[in-house]
Amino acid sequence: MDSENKYPTEGFKCWKKAKELRLQYYKNYMQAKEKGGIRWAGNAPSIDAVPYGLGDDVYHLTGEPYGATVAYNKEFARRCHEVVEAKGYARDLCAYMRNYWGSVLLNEFVFGGPFPKPDFMWVLHSCCSHAKWYQEASRIEGGIPYFVIDWSAGMYYKWDEKREDYVVDPNQEHRIQYLVDQMQEGIEWLEDITGREYDDEKLIQAAKNYFESTSLWAEICTLNQAIPAPMDEKTMYSFYVFAALHKAHREVVEFYKELRDEMRDRVARGIAAIPNEKARIMTDIQPPWGFLEIYRYMESYGVVSIGSFYTFTLMGHWEIAEDGTFRPRTTPMEKGIEIRTREDALRLLADWALGLPMAQIFYDHRFKSHIMKKIFTQWKCNGIIMHFNRGCEGLTLGVAENKQALVEAGIPVAYYEGNMGDEREFELATVKEQITAFIESLGLIK
Amino acid sequence: MATEKKEYWRWHEYNWHDPDIDWRDAEIITAGVDVGSVSSQAVILVDGKIYACANMRTGHSSPESARKVANWALEGTGMRIEDIHYVVGTGYGRVKVPFANRAITEIACHARGAVEIYGNSVRTVLDMGGQDLKVIRCDERGKVLNFLMNEKCAAGTGRGMEVMADLLGVPIGEVGPRSLQVDEEPPPVSNTCVLFAKSEALGLLREGWPTEKVLAAFCRAMTDRVYALLEELGVQRDLAITGGIAKNVGIVKRLERKLGFEALKTEKDPQLAGAWGAALFAKVLYQKERAQKRQAC
Amino acid sequence: MFDKFREWYENRHEYAKDWKEKTGGKVVGYICTYIPEEILYAANVLPVRILGGHEPESIGLAEPYLFGMYCPFCRDCLAQGLQGKYAYLDGIVIGQSCIHIRQTFFSWRQRIPHEFDHYIPMPMNVVTPRASIPFLRKELEIFKSALERWLEKEITDDDLRRGIEIVNKNRRLMKKVYNLRREPNPKLTGLEAMYMVVSSQLTDKNEHSDAIEEMFNNGLATRDLGRESSIRLMTVGSENDDVEFTKMVEETLGATIVIEDHCTGSRYFWEEVKLDEKDPLTAIAERYVTRTPCPQRDWEPERIRFRRILDLIEEFGVQGVLLIQQKFCDPHELDIPALRDLLNEKGIKNYFLEFDVTVPVGQFRIRVEAFLETFASDELFAEDIV
Amino acid sequence: MIAVGIDMGAKNVKAVVVRDGEQIGRSIFETGFDRYVSARKAFEGALQDADVGEEDVGVVVATGAGKKVVTFAEKQFTVMACNAKGIVRLFPSVRTVIDVGAEEARAIRLDETGKVIEFAINEKCAAGAGAFVEAMARAMEVEVGEFAQLSLASTKAIPINAQCVIFAESEVVSLIHAETDRADIAKAVHDAMAARVGAMSQRIKVQKDIALVGGVARNIGFVQSLKTFLKEDLLVPPDPEFVTALGAALLGMEGEESD
Ligand SMILES: Nc1ncnc2c1ncn2[C@@H]1O[C@H](COP(=O)(O)OP(=O)(O)O)[C@@H](O)[C@H]1O
Ligand SMILES: Nc1ncnc2c1ncn2[C@@H]1O[C@H](COP(=O)(O)OP(=O)(O)O)[C@@H](O)[C@H]1O
Ligand code: SF4
Ligand code: SF4
Ligand code: SF4
């Protein structure tokens, strides 16, 4: 069926670099102590720009990408689950968290060697598990100090009847202040437990990196609106992770610039992710990491996943333009805002963090449904396949309602149940059958 | 569609009594009747010594099963239920033993019975029965200190094994030994749920797995579940296994391998533990009652 | 003596409808106990807590809106609403809580008709009050203004002080009743306490307080239930208003629940608002930030709630603890291993049970019975004595 | 033009022969160890029933979990697609079809042409399919058909809490022990299963008319319970277990004609 392969494809040039960077990231963390540096652990959304004020030799380990890496290693994951369950933890808890704890309890790092304990933990809380994850990690690791910043300060957006769209809620000042106050206290705490003097200049630079890298990621995603799509979602997973690893690091900014340029080039030359693109879908929520082959399976029918609310907005920062377009968020630097003091940086950080589209799902599922529809249209999709992920209670908040809303809007939607990090809750054959039925209903199998 | 099939799940039912004992000389006769979800046992003690017992399948009605199993144990002894001074009911149908003076949970009775059967070095009792798993921590007298029961999913219990036996046409007593006849341990089946297990087993057979290997995969999955429960409570040595599945070497051996030590062994029937423990409690309770009555007089 | 509370509990909807008719006032349903009822009382609005109905057959109604792995309690609550059982509510509010029950609120807001709704982003961080109290004060102000706009009337500081006093008084009285559970022969059962506390979330607190005072006038303090020899239990968990289970434990098995840590129990009312000379909204904000936290906001290394549980065990002479957890309830699941470790370390016997919309009383009976036997079974080992 | 649809179920293989859109033969065989053999048997049985020879067959379509072993089929479709196609042929007004087989259950919303719009399938746990009833009937030692019938005599609602089949079985056993009326137990089982299947169905937008297909649709006790749960009437075709195979044959036919 060669005639179906109408688009040229080629591998990503920066693929190799991505692999190296990722390896280096974990290596840096493992080896931080050898060079007298500091290492800390935290969740992916945690505001890592703040600890960067402690110096350039500060490295960290984000829990979710680590948990996902464990999930890839099914045998290791199975051992993690066993040891966690033996301690009496429930099986339905966040799979990343269980993979992480399991790794701690086994005292085995998935990349080899014993689990490298952090000096402290620095967390941003919104789903029920974030703070507790590290509270328990601290307990089982023998009392590692941790600091949690509450992110659940309410919705950043509000519905505007006239525009029939979401606009930024002007009632934001005290929410920003809430985060700023916590970060201020956090900085004192950081100084206290590390005995280091805090450097505001480093904070300011890191904050700028954070704004830039996360807006850049959104830009990269935006380039995937092209037909054929230059990047499939499975590849996207390998790239978006950098923002989840250390979004406030200069390295990530540089890498994302390179990737953005490559995407532009691919679009210009009409390079496709898959040669036989016939239909474009978007997905939802974390994929089952141990079974990414389902993406390849879809592609065998000419179905490419262009991304998802998840890959776009977990780490990417966006805004809604006057005309309703979902687009990369304008950074404070682009707006010409000068960041001079610690207070300046913290305020902007708080404002940026509160505005993350993904964070809005904690206050109203209608926001996500609305944005999903925007993505569906702007990225020229034909259908949506949702993963009802039993491994994450946080991002599944509202999924059932999202699905209802999308179906209401006449969008073809299918969903399957699974688990991002616990293969016992995933059945490949059943899921493939569901995907096939969906592709059939899109009229792609005759 | 239903053709007459051999019932492979049927485990051995029996009754027994000690012809050397003359119960008519006895001071205290007590009994324990364990009406489980799958099996029922009766143990008759004469002055604390085992005199008779029976082990059979539980029928539809608990009271009836209790009467049946007790009468079967007494068969040929000349003793009648009325001759027994004190009866303790235990197990699933414990409150439905019509002739019992008292009901005590199988958790307490199994621990007590395990110490009687295996000796007082027992600290952990694993009871693998028809529909549930229990892990019990006890002291040297068999007094329960702590326990866990499997909740949620009943996958991988005695009933499950019976279904497997039937499906694969392997008599239940041979499931264990045959599961050990593999050169290499296969991965555990992913779904131990009785219903799905069936199609999973069929799938494996279709893939060309020999029966032994399928059995091994099942026993392994079940062992993993048992092990997880043991780990959760924390195993203290010595370990005694009671209940019907104690007779399944496919699970016992694998469990021992995983634990790195052996469970206690016995010549006696571990399935009797509950009823035996109950009969022992009956003796104490009877003595107490008698002492109180005497005081009252 | 506690019949009135039982009646209110059983006829909660009739009560609320009657109240509306009688007073012409508005009734607001609330989800989660992190709701400043003081402000609603100040506005003469009746707050009633939305709870489940324990009917497995109606749970399916919530299925299209709630993800399968959210807790049964949040499904049960939503199913009640979808059935129209709460059609009399004029509004619904939530104080930011765990995300499962948040979904109940979100779906309710969208699918069940009402005039007024409000989401209070109750801070999760209660470890840094310096940041949380001013934040919450502002959010309470926003809530108050929203109410004022809806009701078209001003809520003054005096109103707020009155609201605070109504709720505080009820708290004080319930605590007084709870003190009677400390005695060697408790003056009330766990079931009675449950009826009292849950009904206080369903009725006008003025009336509820009167009913408690009446009990005292009728000799509550000198009652004899003859439970001095029964085993004293504590239950710990999220919400629990399972009558069947409680009856099984107290009536069939003869134990007595002398104290509990549930948000349908002591955790709901234990702390008062300390008004002093403060601005009332700040005082309210302080109360909610410093009250005994639910697990999902209990972030201190030595959890605040655990310290309190240990205190209660001591004060109420608890012999054993039943840990009750709603299936899939992440916040509590996240505390249970740590709590069990702590109790074991202190030598306090405990047993864990997982609850659903209704509990399998049969399966639970053997567990609880065996658990109780571990306290009482010494007589079974008295061979040497006789 | 003759097309044959073969539905490889977990418990039964069903085959339907269609000529020019009309069903002319069918056959059902228990799924044996060798599924290929079962498929052949059902296939040949259906041809015999239709009185046509193998050489007359234009196209063979396989569906169901074991569809891959039907090596003599030219085409494969998912069960969902076949369900939808089959039911609109029988009942053109149907917009939702609920299919309950031995181990799986699914709910499908379709349009007037029989195209799938949305579907849901039961997850993992077996407590919402035919095998559940079979296990419970076994616990009561009656045939499934009799068990189904029994339940109609009861008006009681006894909740079975356990969603797990095995726990449910022990609940049933304890109900038996408690000497609960057999009819009430049967109804309790069907109610419990209807609650699961019903809840699963409600994950899609259930639109009228609603049809129930699959072997379990023969279980009148379950049908009654599901009707009560959904508060809607259900259309049940005379041979509910053949609908999927019929749909498969029709889909095969359609493809051939357009070529
Ligand atoms: N001889 C045997 N060999 C292997 N397994 C056996 C044997 N006898 C009984 N079993 C297993 O034990 C189970 C019954 O266990 P039992 O402890 O008697 O159940 P319960 O007391 O819960 O009714 C049966 O389901 C079967 O799997
Ligand atoms: N006459 C009947 N009465 C009640 N149930 C029946 C009857 N016939 C079949 N069933 C049910 O139908 C199921 C088989 O359905 P079927 O659709 O053939 O399954 P599958 O396609 O999964 O093989 C059995 O599990 C049984 O419960
Ligand atoms: S949002 Fe999901 S992945 Fe993240 S901590 Fe919460 S449950 Fe885990
Ligand atoms: S705290 Fe637990 S029980 Fe309560 S609503 Fe949340 S998840 Fe459910
Ligand atoms: S998977 Fe099977 S054993 Fe597990 S809960 Fe479901 S029916 Fe029960």
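A, B, ... follow the sequence lines: proteins, then strands. Residue 1 opens every chain.
- Most heavy-atom pairs under 4.5 Å with chain C: of the set A/Ser138, A/Ser152, A/Gly143, this distinction falls to A/Ser152.
- In terms of heavy-atom pairs under 4.5 Å with chain A, the best-connected choice from C/Pro295, C/Gly68, C/Pro331 is C/Pro295.
- In summary, C/Arg297 and A/Asp150 do not engage in a salt bridge, as defined by a charged side-chain N under 4.0 Å from a carboxylate O.
- Note that SG of A/Cys392 and CZ of C/Phe67 are 9.0 Å apart. Values are rounded to the nearest 0.5 Å.
- Nearest heavy-atom pair, C/Met69 versus A/Asp92, reported as atom, atom and distance to 0.1 Å: CE-O, 3.5 Å.
- Within the 4.5 angstrom heavy-atom criterion, no atom of C/Phe105 approaches chain A.
- Counting only heavy atoms from C-beta outward, the side chains of A/Gln135 and C/Arg303 approach each other to under 4.5 Å.
- Residues A/Glu393 and C/Tyr70 come closest through the heavy atom pair O-OH, 2.6 Å.
- A/Trp101 and C/Leu334 get closest at one heavy-atom pair: CH2-CD2, 3.6 Å.
- Ion pair A/Glu401/C/Arg111 flagged as a salt bridge, since at least one NZ, NE, NH1 or NH2 atom sits closer than 4.0 Å to an Asp/Glu carboxylate oxygen.
- If you measure heavy-atom distances from A/Tyr146 to chain C, the contacts under 4.5 Å come from the side chain alone.
- Partner of C/Gln110 under the side-chain hydrogen bond (donor to acceptor under 3.5 Å, both in side chains) criterion, chosen from A/His365, A/Gln404, A/Arg366: A/His365.
- Ranked by non-hydrogen atom pairs under 4.5 Å with chain A, the options C/Arg109, C/Arg137, C/Gln296, C/Arg340 are led by C/Arg109.
- Shown here for A/Glu185 and C/Thr128, the closest heavy-atom pair between the two residues is OE1-CG2, 3.0 Å.
- Contacts between A/His125 and chain C at a heavy-atom distance below 4.5 Å involve the side chain alone, from C-beta outward.
- Of the atoms belonging to A/Met97, it is side-chain heavy atoms, and not backbone ones, that fall under 4.5 Å from chain C.
- In this structure, A/Lys132 does not pair ionically with C/Asp330, as no charged nitrogen and carboxylate oxygen lie closer than 4.0 Å.
- Of the atoms belonging to C/Ile142, it is side-chain heavy atoms, and not backbone ones, that fall under 4.5 Å from chain A.
- Note that CD of C/Gln103 is 9.0 Å distant from OG1 of A/Thr396, once rounded to the nearest 0.5 Å.
- With a 4.5 Å cut-off on non-hydrogen atoms, A/Val399 touches chain C through its side chain but not through its backbone.
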